[in-house]
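These numbers come from a predicted model, not from an experiment. Atoms within a ligand are numbered from 1 in the order they appear, just like the ligands themselves.
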Amino acid sequence: MTTSPREVYYELCLRLLGPYRTTELTGAQLCEIGEVVYGAPERFSLYGVAAPAMAATGLRVLGRTAAECCADIMATAVADTVADLHGPPGEHDRPLVAELFCGSGNLSLHLGRRLGVPVHAAELDPLVHRATSHNLALMGAATRLELIDYRELLPRLPARGPRDTYIVEPPWGPAISPDGLDLLGTSPPVPEILADILRARDGRPCLVGIKTIDRILHDSLNAAFAGARHLRTIANERAFPDGARMQFHFYGIGHG
Ligand SMILES: C[S@@+](CC[C@H](N)C(=O)[O-])C[C@H]1O[C@@H](n2cnc3c(N)ncnc32)[C@H](O)[C@@H]1O
């Protein structure tokens, strides 16, 4: 019996999020992810390093992080989009940039480099935090990563202005299925995270970036961002083996 690319992809995701969840992946396993998920080993790249070179560079990537991460192709596009939304850098008003669910920290590295600001980041899983701290130090990232719940980090980051930007990428868990992604079922649900952000800044306006796939269930993206201003959506050109395409959306939330 032949196995379809979709089945191989789902099996790999289950392995990465299950038995290999907290395992540091070998070079061969990282290349397998490149092959299965992105179509070629070198297409899976993090921190500017392609999978075939990751292990030799000394990067440590856990199974769960490899499955959940935003690889370079999207992370660089996100950084370019945020730079565009921010406009020219002001001399005295450097916006706050925070990645609330850090994972690999790849977004924070590219955002920090592109915007020239240190990105604040929260990561709750001690094993992910350890591997990511190592990787970010190795790559010379200026990310200020803390082993902390994002809800504890938020009140410590005073609002600076309307260009303050929060990257929101909570674990999907059971919210993702072959049918699509339910943003009201992530952990925590996206509306709760947006409320936490606004509470921490007394409702002052800011920007939010969020990763999804293009199969969104129950109109949950619109429901989560009801009342927000949609600014931009970008998408990976290449679909995953199950036909879903990664997207990143940017919204303005809060009241001026
Ligand atoms: C989907 S991944 C983030 C992927 C990340 N954007 C990347 O490019 O690698 C979610 C991460 O958030 C962490 N996390 C889950 N709940 C959290 C919380 N309450 N506060 C901070 N981090 C949390 C998880 O441990 C996991 O590493």
Side-chain angles (χ1 to χ4, degrees), residues 13 16-17 20-25 30 33 37-38 44-49 51 54 59-79 81-82 97-113 119-136 139 141 143-157 165-176 181-183 185-197 199-200 208-213 234 236 240 246-250:
C13 291
L16 294 173
L17 292 168
Y20 289 109
R21 190 173 180 80
T22 55
T23 303
E24 204 177 294
L25 302 177
L30 292 162
I33 293 167
V37 180
Y38 300 92
F44 174 39
S45 154
L46 286 173
Y47 320 110
V49 179
M54 280 182 199
L59 291 171
R60 299 180 188 158
V61 184
L62 305 186
R64 77 168 295 186
T65 302
E68 295 176 331
C69 70
C70 204
D72 284 340
I73 181 96
M74 179 55 97
T76 50
V78 166
T81 306
V82 173
V97 182
E99 185 173 17
L100 302 185
F101 301 84
C102 181
S104 68
N106 197 34
L107 283 163
S108 75
L109 174 133
H110 286 290
L111 282 163
R113 282 187 183 162
V119 175
H120 296 267
E123 173 54 54
L124 196 53
D125 179 329
L127 295 176
V128 175
H129 175 267
R130 197 166 63 186
T132 296
S133 298
H134 165 84
N135 293 341
L136 293 175
M139 302 315 291
T143 304
R144 295 185 182 157
L145 171 60
E146 294 186 57
L147 177 59
I148 197 172
D149 189 301
Y150 81 92
R151 285 164 281 222
E152 289 174 53
L153 179 66
L154 278 174
R156 304 217 318 250
L157 302 176
T165 302
Y166 301 81
I167 302 295
V168 168
E169 221 196 309
W172 291 347
I176 180 82
L181 173 64
D182 179 2
L183 293 163
T186 56
S187 170
V190 173
E192 211 174 292
I193 304 167
L194 300 181
D196 290 333
I197 293 171
R199 195 175 313 114
V208 170
I210 183 166
K211 183 177 92 176
T212 72
I213 50 169
I234 57 176
N236 267 354
F240 292 122
M246 185 189 286
Q247 293 187 325
F248 224 100
H249 313 271
F250 300 87

Measure the distance from atom 18 (C) of ligand 1 to every protein heavy atom, then report the residue, atom name and distance (to 0.1 Å) of the closest one.
Leu124 CD2, 3.6 Å
Would the distance check show the side chain of Glu123 and the main-chain N or O of Gly103 forming a donor-acceptor pair, the cut-off being under 3.5 Å?
yes
Which option out of Glu68, Glu99, His110 puts a heavy atom nearest to atom 4 (C) of ligand 1?
Glu68
Worked verdict on Ile167 versus Val119 for side-chain contact (heavy atoms from CB on, under 4.5 Å)
CA-CA 10 Å; Ile167 302 295; Val119 175; over 6 Å; no
Please classify the Leu107 to ligand 1 contact at 4.0 Å (heavy-atom distances, strictly less than): side chain, backbone, both or neither.
side chain
Where on Pro188 is there a heavy atom closer than 4.0 Å to ligand 1, on the side chain, on the backbone, on both, or on neither?
neither
Side chains of Leu16 and Ile33: does their closest heavy-atom pair fall under 4.5 Å?
yes
With atoms numbered from 1 as shown, which atoms in ligand 1 lie under 4.0 angstrom from a non-hydrogen atom of Arg151?
19 (N)
Side chain, backbone, both or neither: which applies to Arg64 and ligand 1 if a contact is any heavy-atom pair less than 4.0 Å apart?
side chain
If you count the atoms of ligand 1 from 1 in the order shown, which ones are under 4.0 Å from a heavy atom of Cys70?
7 (C), 8 (O), 9 (O)
By number and element, which atoms of ligand 1 are closer than 4.0 Å to a non-hydrogen atom of Asp125?
25 (O)
Mode of Asn106 contact toward ligand 1 - side chain, backbone, both, neither (heavy atoms, under 4.0 Å)
neither
Which ligand 1 atoms are under 4.0 Å away from a heavy-atom of Ile148?
20 (N), 21 (C)
Polar atom proximity, Pro170 to ligand 1 (N or O, under 3.5 Å):
no
Out of all atoms in ligand 1, which are within 4.0 Å of some heavy atom of Leu100? Include the element for each.
21 (C), 22 (N)
Between Thr76 and Asp72, is there a donor-acceptor pair closer than 3.5 Å when you use the side chain of the first and the backbone of the second?
yes
Does a side-chain heavy-atom distance below 4.5 Å link Arg64 with Asp125?
yes
Ligand 1 atoms nearer than 4.0 angstrom to some heavy atom of Ser104 are 7 (C), 8 (O), 9 (O)
Do any nitrogen or oxygen atoms of Tyr150 come within less than 3.5 Å of a nitrogen or oxygen of ligand 1?
yes
Ligand 1 and Ser187, any nitrogen or oxygen pair closer than 3.5 angstrom?
no
Do the ring planes of Phe240 and Tyr38 sit parallel (below 30°), tilted (30 to 60°) or perpendicular (above 60°)?
perpendicular
Indicate yes or no for a side-chain donor-acceptor contact from Thr186 to the backbone of Pro188 under 3.5 Å, with no hydrogens or angles considered.
yes
Which one of Glu169, Glu68, Glu99 satisfies the salt bridge (charged side-chain N to carboxylate O under 4.0 Å, His left out) criterion with Lys211?
Glu169
